[in-house]
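Here is the structure we will look at.
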Amino acid sequence: MGNCPVLAGSNEGYGAMTVITTRKTGHIFWITSNNPPVNALGHAVRSGLADAIAKANGDKGVKAIIINCDGRTFFAGADITEFGKPLQAPGLPEVCDTIEASPKPVIAAIHGTALGGGLEIALACHYRVAVPSAKLGLPEVKLGLLPGAGGTQRLPRVIGAEAALGMIVSGNPVGAKQAHASGLVDRLAPEDGLRDAAADLADEVMDASSHPVSSQREDMLAAAREDPDLFNRFRQDNARKIKGLDAPEACIVAVEAAVNVPFERGTALERELFMELVGGEQSKAMRHVFFAERAAQKIDGLPKDTATYTLAKVGILGAGTMGGGIAMNFLTAGIPVTMVEREQAALDRGTAIMRKNYERSAAKGKFTVEQVDAAMSRLNPTLDFEALGDCDLVIEAVFESMELKKEIFHRLDQIAKPGAILASNTSYLDIDEIAAQTRRPDHVLGMHFFSPANVMRLLEVVRGKQTAPAVLATAMAVGKRIGKVAVVSGVCHGFIGNRMLAARQEQANALILEGATPWQVDDALTNFGMPMGPFQMADLAGLDIGWNPDTTSSSSVREVLCERGRRGQKTGKGFYDYAADRTRTPSKETEDIIAGFAARAGIPKGDYTEGEIRERLIYPMINEGAKILEEGIAQRASDIDVVWLYGYGWPVWTGGPMFWADTIGVNRVLSGLERHRKALGPDFRISPLLKTIAEDGRRFNA
Ligand code: 3HC
Ligand code: NAI
């Protein structure tokens, strides 16, 4: 019965590490993986599994096999770091086939997450037992892939094509209870009794004459065979979500094959599609995003185990657009919030908007009515500034004025308890100048959320000159706790994201005076995959932000638009004209206003292709990104990618602006900037870092 390590193949390159161990209890053969942190199915695990299955089948005393994992999770998928490298046999499809072909029943005992290749292993097993907290899913599509080890063929045969399409194309996991209801999990085990439950099942089935074999099942495919329109309907219903992406269509085609052709042909097609995707630009970019998101959590000079403060209560100052959204993040995470305003009307409005937003989410099924009530009950809205005195973290979200913020931080410092962290949500202002108003500059930093703050996943954590390591670590940890992707930025005007946005906006403003229309400018970006262009964004936010009707002097296109009542979507017209349903159409009036400015400034009308417009908008952003790197404002190029992906909706399939530059070639960006140099304006400077990288033929993301 003792532990009998199975050496994983030759184990070359893995030193003496044994990731798969086996043991026998009675007639049961246990195969246990221990490959921290997530039991990824790297080469050692795959060969260990295949060897162990062979060994179990060669042992006459064995009647059933259980595959389980040590550590925090069942197999979380193929080892993503192996993609793009030569495959070391056995491949995962072979391992799955070996498991399924075992004459002795194989049971998967699942805790944590069975994802990707992990679920494919489980699907190849004859039975699946899971604890209720387990999650099962095929997230390959999020890496620009489709399940490549039989998942597209076995899952529809186990839960039906329609349900499988939903799981495979969304990539979202389902909980074990739902998986049990759909037939994906055969038995739920008590949370602390997985191994016993798996052993019980093994005892029950070990003498049965046959066992369910996923690849041979036909029963669950019947519904889809009677509904041939299912797949086109699915494509139409999900058109918006899958636009621009290659992988979802491959997933649909593969599931369709599961319904229409034999298993062997289906898996051959799946393999072909997988190989095509894994070598393609989209998947490379999306795998970069996976690792970039995780790299962003690693901070130079900050040990992983840096102690953090406990946050029992959060204060928010300002109940406007941002304050309310920021508060919702904490309330949803179960953290009480004190929200302070300067006047009752603003407080009531802010609170009402929060409730409405929660109710809208509840109507979409994201929350129950009880959860909404519970979240709102954790909110203490008040006009009493002193109420912030017992908060562990206070986030200021008042108007963007340095004078006001300085005054507020000075006051906050007087009343906040010792050790409390003071954060500003400022979009552009100097955190060090704000921190200097307090006696605790080491406890001050920026926590810059993106609008709508309850939805957008980015949190820029702005590290001041004096921000203490524990304060920075706490802000990063709190970001994770409220479901954000936090990225550290140094102090500069606009930090990482808005500084690059400003570089783009400058070119957008110039381009329309040079003869490109606002609609051409917006289209150049939306056709690239951005959710909206600069002029659509301006109309949405309102053109009158910062505009004063008393002092307006017709000195810019924007001012004249405001003077003519064109203040954006809310007035039915801005750069564009808007119909009642918010459909936008180009405006002749706007074009005339722009043409008037161009004529007065003597700017000749140019003729631009969409490609040229895009270069003018995006290359200067990349140049600004390079400066941000050069100055140490961002720690690494991939952090800049994460900022743009999660803060501004940059198309994930291009990997972010810096990765995109790497893909097209940094030298191409450099020559584009040189070609446009005159138009880019007298103050434009090419980043020395960008120049060096281009000339050396290197990448930003090395
Ligand atoms: N391969 C390689 N490394 C992986 C990995 C994988 N599949 N999954 C996670 N890791 C690494 C992470 O990069 C991270 O490394 P780091 O500590 O050096 O930064 C470490 O494991 C811990 O990961 P997380 O920080 O993400 O840990 P969490 O506890 O927050 O999340 C998880 C755990 C939910 C399992 C999450 O890691 C995850 O979603 N992993 C990826 C799952 C996935 O996409 N699987 C499909 C892979 S593709 C596939 O299977 C193809 C097949 O069909 C052929
Ligand atoms: P807003 O105008 O919607 O809200 C500001 C709120 O602060 C108002 O309700 C106002 O009554 C309140 N306020 C002003 N002085 C106060 C005081 N002394 N005490 C208490 N409350 C006071 O502004 P918004 O858009 O929420 O912006 C707030 C901050 O967030 C700004 O610094 C802005 O730059 C930043 N920000 C804004 C984003 C956006 O998209 N709107 C995105 C990210 C950051």
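Please read all numbers here as calculations on a predicted model, not as lab measurements. Every number for a ligand or one of its atoms is a count from 1 in the order of the listing.
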In the structure I gave you, are the side-chain heavy atoms of R46 and E82 within less than 4.5 Å of one another anywhere?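 A side-chain contact exists here, since the closest heavy-atom pair is under 4.5 Å.
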Just going by heavy-atom distances, which of [options] is nearest to [atom]?
atom                    : options                : value
atom 44 (O) of ligand 1 : P139, G118, P36        : P139
atom 18 (N) of ligand 2 : I353, I316, I408, V398 : I408
atom 37 (C) of ligand 2 : M339, M447, M322       : M322
atom 30 (O) of ligand 1 : R294, K480, E120       : K480
atom 1 (N) of ligand 1  : I80, L41, V278         : I80
atom 25 (O) of ligand 2 : N498, T321, L347, I395 : T321

Which protein heavy atom lies closest to [atom], and at what distance to 0.1 Å?
atom                    : answer
atom 44 (C) of ligand 2 : S427 OG, 3.2 Å
atom 11 (C) of ligand 1 : P37 CG, 4.5 Å
atom 35 (C) of ligand 1 : A76 CB, 3.5 Å
atom 8 (N) of ligand 1  : V38 CG2, 3.5 Å
atom 40 (O) of ligand 2 : S451 CB, 3.3 Å
atom 30 (O) of ligand 2 : N425 ND2, 2.9 Å
atom 4 (O) of ligand 2  : G320 CA, 3.3 Å
atom 2 (O) of ligand 2  : F399 CE2, 3.3 Å
atom 8 (C) of ligand 2  : E341 OE2, 3.3 Å
atom 34 (C) of ligand 1 : L115 CD1, 4.1 Å
atom 19 (N) of ligand 2 : R342 CB, 3.9 Å

Select one of side chain, backbone, both or neither to describe which atoms of [X] lie under 4.0 Å from any atom of ligand 1, heavy atoms only.
X    : value
A78  : both
L143 : side chain
D79  : both

Pair E433 + K406, salt bridge at N-O below 4.0 Å: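 Yes, this pair counts.
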Under-4.0 Å salt bridge between D246 and K284: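 The answer is no: the pair does not qualify as a salt bridge.
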No-hydrogen, no-angle side-chain donor-acceptor test under 3.5 Å, R287 and S283: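 The answer is yes; a qualifying pair exists.
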Side chains of T152 and E270: any donor to acceptor distance under 3.5 Å?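 Yes.
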Result of checking E400, K405, E396 against T426 for side-chain hydrogen bond (donor to acceptor under 3.5 Å, both in side chains):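 Going through the options one by one, the only one that passes is E400.
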Backbone, side chain, both or neither: what part of F449 comes under 4.0 angstrom of ligand 2, heavy atoms only?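 Backbone only; the side chain of F449 stays clear of ligand 2.
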For ligand 2, which part of E343 has a heavy atom less than 4.0 Å away: the side chain, the backbone, both, or neither?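 Neither; no heavy atom under 4.0 Å.
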Per-atom contacts, ligand 1 versus [X] - under 4.0 Å to a heavy atom:
X    : result
G117 : 49 (C), 50 (O), 52 (C)
G77  : 45 (N), 50 (O)
P147 : 53 (O)
F290 : 8 (N), 9 (C), 13 (O), 40 (N), 41 (C)
F291 : 13 (O)
G116 : 46 (C), 50 (O)

In this structure, does ligand 1 have an atom that sits under 4.0 Å from one of the heavy atoms of [X]?
X    : value
G151 : no
K298 : yes
R72  : yes

Can you confirm whether some protein heavy atom lies under 4.0 Å from [atom], or whether none does?
atom                    : answer
atom 23 (O) of ligand 2 : no
atom 32 (C) of ligand 1 : no
atom 21 (O) of ligand 1 : yes

Check if K405 has a non-hydrogen atom at a distance under 4.0 Å from any atom of ligand 2.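 Per 4.0 Å heavy-atom rule, K405 contacts ligand 2.
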Less than 4.0 Å is my threshold; does some heavy atom of H448 fall inside it relative to ligand 2?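 So H448 counts as touching ligand 2.
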About how many Å separate OG1 of T81 and CZ of F290, when rounded to the nearest 0.5 Å?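 Between F290 CZ and T81 OG1, I get 10.0 Å after rounding to 0.5 Å.
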So, taking the atom named CD1 in I326 and the one named CZ in F450, what distance separates them when rounded to the nearest 0.5 Å?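 CZ of F450 is found 11.0 Å from CD1 of I326.
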Going by distance only, is there an N or O of [X] that falls short of 3.5 Å from an N or O of ligand 1?
X    : value
F83  : no
E140 : yes
L92  : no

Closest heavy-atom pair and its distance - [X], [Y]:
X    : Y    : value
A250 : L146 : O-CD1, 3.8 Å
I496 : E460 : N-OE2, 3.1 Å
C251 : V141 : SG-CG2, 4.1 Å
F449 : M322 : O-CE, 3.4 Å
T308 : A477 : CG2-CB, 4.3 Å
R457 : G483 : NE-O, 3.3 Å

Does E400 reach ligand 2 with a nitrogen or oxygen that is under 3.5 Å from one of the ligand's nitrogen or oxygen atoms?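 Min N/O separation from ligand 2 is below 3.5 Å for E400.
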Check whether F263 forms a cation-pi arrangement with R157 (NZ or CZ under 6.0 Å from the six-membered ring centre, at most 45° off the ring normal).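 R157 over F263 ring: no.
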Using the side-chain contact (heavy atoms from CB on, under 4.5 Å) rule, take R154 and E100 through it: C-alpha gap first, then chi angles, then the decisive distance, then the call. CA-CA 11 Å; R154 287 193 179 93; E100 198 180 55; 2.9 Å; yes
Is the W650 ring parallel, tilted or perpendicular to the W644 ring (thresholds 30°, 60°)?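 Perpendicular, since the angle between the ring planes exceeds 60°.
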Is a side-chain N or O of R558 found less than 3.5 angstrom from the main chain of L543, in a donor-acceptor match?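 At least one qualifying donor-acceptor pair exists.
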Short question: side chain of H43, backbone of L87 - any donor-acceptor pair under 3.5 Å?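 Pair absent, no side-chain N/O of H43 close to backbone of L87.
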Residue pair T321, S451: steps toward the side-chain contact (heavy atoms from CB on, under 4.5 Å) verdict: CA-CA 8 Å; T321 312; S451 182; 4.2 Å; yes
